[in-house]
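Here is the structure we will look at.
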Number of protein chains: 2
Amino acid sequence: MTATSPKRVTISDVARRAGVSPSAVSHAFNGRPNVSETTAARIRAAADELNWRPNYASRKVSGQGGRSLGLVIARSRDTFGRDPFFMRLLAGLTEPLADLGWSLSLTLVQADEEEQVYRQWWGEQRVDAFLLVDVRHDDPRLPLVEQLGAPAVLLGAPVDDAVPAVTVADESAFATVLEHLGGLGHRRVARVTDAPGLAHTRARDQRFSHAGAQQGIATSFAAWDPTADDPVAELLARLGGVTAIVVDSESIAAQIVAHAPEVGVQVPAQLSVVAWEDSWVSSLVRPRLTALDAPVEESARTAVALLERLVRGEAAESQTVSGRRLVVRDSTAPAPRSPSQHHRDPDRDSEEAP
Amino acid sequence: MTATSPKRVTISDVARRAGVSPSAVSHAFNGRPNVSETTAARIRAAADELNWRPNYASRKVSGQGGRSLGLVIARSRDTFGRDPFFMRLLAGLTEPLADLGWSLSLTLVQADEEEQVYRQWWGEQRVDAFLLVDVRHDDPRLPLVEQLGAPAVLLGAPVDDAVPAVTVADESAFATVLEHLGGLGHRRVARVTDAPGLAHTRARDQRFSHAGAQQGIATSFAAWDPTADDPVAELLARLGGVTAIVVDSESIAAQIVAHAPEVGVQVPAQLSVVAWEDSWVSSLVRPRLTALDAPVEESARTAVALLERLVRGEAAESQTVSGRRLVVRDSTAPAPRSPSQHHRDPDRDSEEAP
DNA sequence: TTGTAGGCGTTATCAC
DNA sequence: GTGATAACGCCTACAA
């Protein structure tokens, strides 16, 4: 019944109730050794009774900053919404942040407003650090956060020494995939990508080619074209003699296995499909997707730890988390005997490896 | 190269650069009529050059609060992650919030920490309002936000006069669904629910029964048991002579249509399935789900508008948004001739009614 | 161990 | 139309 509506309770109220000075309360709540345990207990009791907690804004004003992480996602509602990775990321960030007493400020922006939002949030001191996702080649956000002096960590391959990265160890991922596919008799495998601008794309392309070369598997590339009338049909038509694909996005892989039979391609009988990234969606579609699971939650936890260090002014080095693993389900099977493709003539739209 | 690192630029710096007093800058930035247009322009220019924006924490301290919405979701990572509704909600909140200059503070908590987080965020004045989702029967958060004096809006059916609700108009939803199913010859329909504690469950149950009674369709209820070895098989076995189900969760509906054939039930030939809520997932699974799309983005926008009013101290009334509509896809089809459940004649392609 | 004074960056008040 | 001055709530010296 303590009506808190008229006036919010402040540190002085707590001090008065505990019979001490405001600074004593501050000391007690900041773990300073300047206050006896007995008075500290009395102070905590008073604060509890009054339901008081140090005002977040006030402590920031007085220099005790650093409790809010900004996550700015430059995606359309649609491409955000259909990427289960983000759900895992958000859920994964939340726990380590809570452990630190941080909160997460989230927003979606259009690409052309992106820098503006970083500037604004940092300028307003609304956030104390940024987590960068979907890092593109020559991403303007890297020089930007440096210029602003904002602590930042990126998810993905390291790009710039000034911005530490949390990377999922991928060196052997393609080797594992191609080993799996090779063992099933596949000799021509394509990598399907959708977002060519992303910074990690090139590195992955190279690793893919490299792993193929090592295992005697011919590798090629195909771009997903979301603007096509029927992107799946369009993609499949371009595949040439390829008998297996590794798709850089789980939701695209899911669309492919769901729709392929309807355009005359049986998965996995005629075409094997592997998804890069895993989530509940992979076990939802039929055939269930063979997928490369990534330790998203651990990446999130690592990123938060790095960020926290940066905010405290310590140096932070890029980190690698391992744990990517191939989850074999039903979308991969032995290669078809005849390498002839699916009711379509050879196409040379798919380029060879660099 | 303007090294902002050593000292952050303040309103005084801007004032000095523009040759005015700090208060003039404040006035200019808060749209007060106390400053001439020419000086205002000069001030804005100076602020831009210095890349300055009013410090969020400072303005809160000086009473200009109200720019952060708290969203506390009491779900496990898993049940959060596999509910596409949340992606739509987050994406939908983001835009109207940005228009207002608000940000969104998001966290996931375990049920037993829930109230604690509300207390903490409000006590710290980290957020200025709450959006309540997954409102349960006798939800402790309602008295809590009232006691705290925190502005709050809930998504779902109105529960308490003190907390305005944004409700999706559902009166005719079941009528529409049952009309569709009735037109296909279904005479026994069950409603499948998973979270019995949610506040809207009971109201929906009643509407479902009512709509069934009006249309001469026998209605029943079945609970989804996620702890079963095979929840889908277990559910289907319990269905009796039912030929169609309306599932209260899209992801469960998706699981059902994906898995049913594997336990001997053909969808839609033997069983029609309608999902309550719609997203990209509904068109991903095969057969594609017939679903009741809800105007999530509009709900989000409405909730934000209500919240903004509450924070300004104005009264806000519960609002209803309409636009729930039946999207007929492939998971509903004519009822099987014999009401005996599983095992009947070949498929018939989907058709729709209204 | 405790209290006092000053400052953080902004806004509101009220003279000028 | 403009500019001092006093809050706002907290934290950090420093003094008692």
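Each chain gets a letter, A, B and so on, in the order the sequences are listed, and its residues count up from 1. Please read all numbers here as calculations on a predicted model, not as lab measurements.
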Please report, to 0.1 Å, the donor-acceptor pairs under 3.5 Å made by any side chain of residues 307-314 of chain B, with sequence neighbours excluded.
residue, atom, partner, partner atom, Å
B:Glu308, OE1, B:Arg312, NH1, 2.7
B:Glu308, OE2, B:Arg312, NH1, 2.6
B:Arg312, NH2, B:Glu314, OE1, 3.3
B:Arg312, NH2, B:Glu314, OE2, 2.3

Here the distance between atom C1' of C:dG3 and atom CZ of A:Arg16, to the nearest Å, is 15 Å

Calculate the interatomic distance between B:Asp13 atom CG and C:dT10 atom C1'; express it in whole Å. 13 Å

With B:Arg53, which residues qualify under side-chain contact (heavy atoms from CB on, under 4.5 Å), at least two apart? A:Gln116, A:Arg119, A:Gln120, A:Glu124, B:Asn51

Taking any heavy-atom pair under 4.0 Å as a contact, classify B:Ser12: base, sugar-phosphate, or nothing. nothing

How long is the line joining CD of A:Gln125 and C1' of C:dG9, in whole Å? 9 Å

Salt bridge (charged side-chain N to carboxylate O under 4.0 Å, His left out) pairs touching residues 89-103 of chain A, sequence neighbours excluded, are A:Glu95-A:Arg301, A:Glu95-B:Arg77

Roughly, in whole Å, what's the span from CD1 in A:Ile43 to P in C:dT2? 7 Å

Spacing between B:Arg67 atom CZ and C:dT11 atom C1', to the nearest angstrom: 13 Å

Could I get the full list of salt bridge (Lys or Arg N to Asp or Glu O under 4.0 Å) partners for B:Asp128, not counting sequence neighbours? B:Lys60

Relative to A:Tyr56, does B:Arg126 satisfy both conditions: NZ or CZ under 6.0 angstrom from the six-membered ring centre, and within 45 degrees of the ring's axis? yes

In 5'-to-3' order, the base (B), backbone-only (S) or no-contact (-) status of each nucleotide in nucleotides 11-16 of chain D, using a 4.0 angstrom heavy-atom cut-off, is BB----

In whole angstrom, what separates A:Asn55's CG from D:dC8's C1'? 9 Å

Calculate the interatomic distance between A:Arg53 atom CZ and D:dG9 atom P; express it in whole Å. 17 Å

Considering only C:dT1, D:dG3, D:dG9, which nucleotide approaches the side chain of B:Val61 most closely? D:dG9

Sequence neighbours left out, what passes side-chain contact (heavy atoms from CB on, under 4.5 Å) with B:Ser299? Give chain and number order. B:Val166, B:Val168, B:Val321

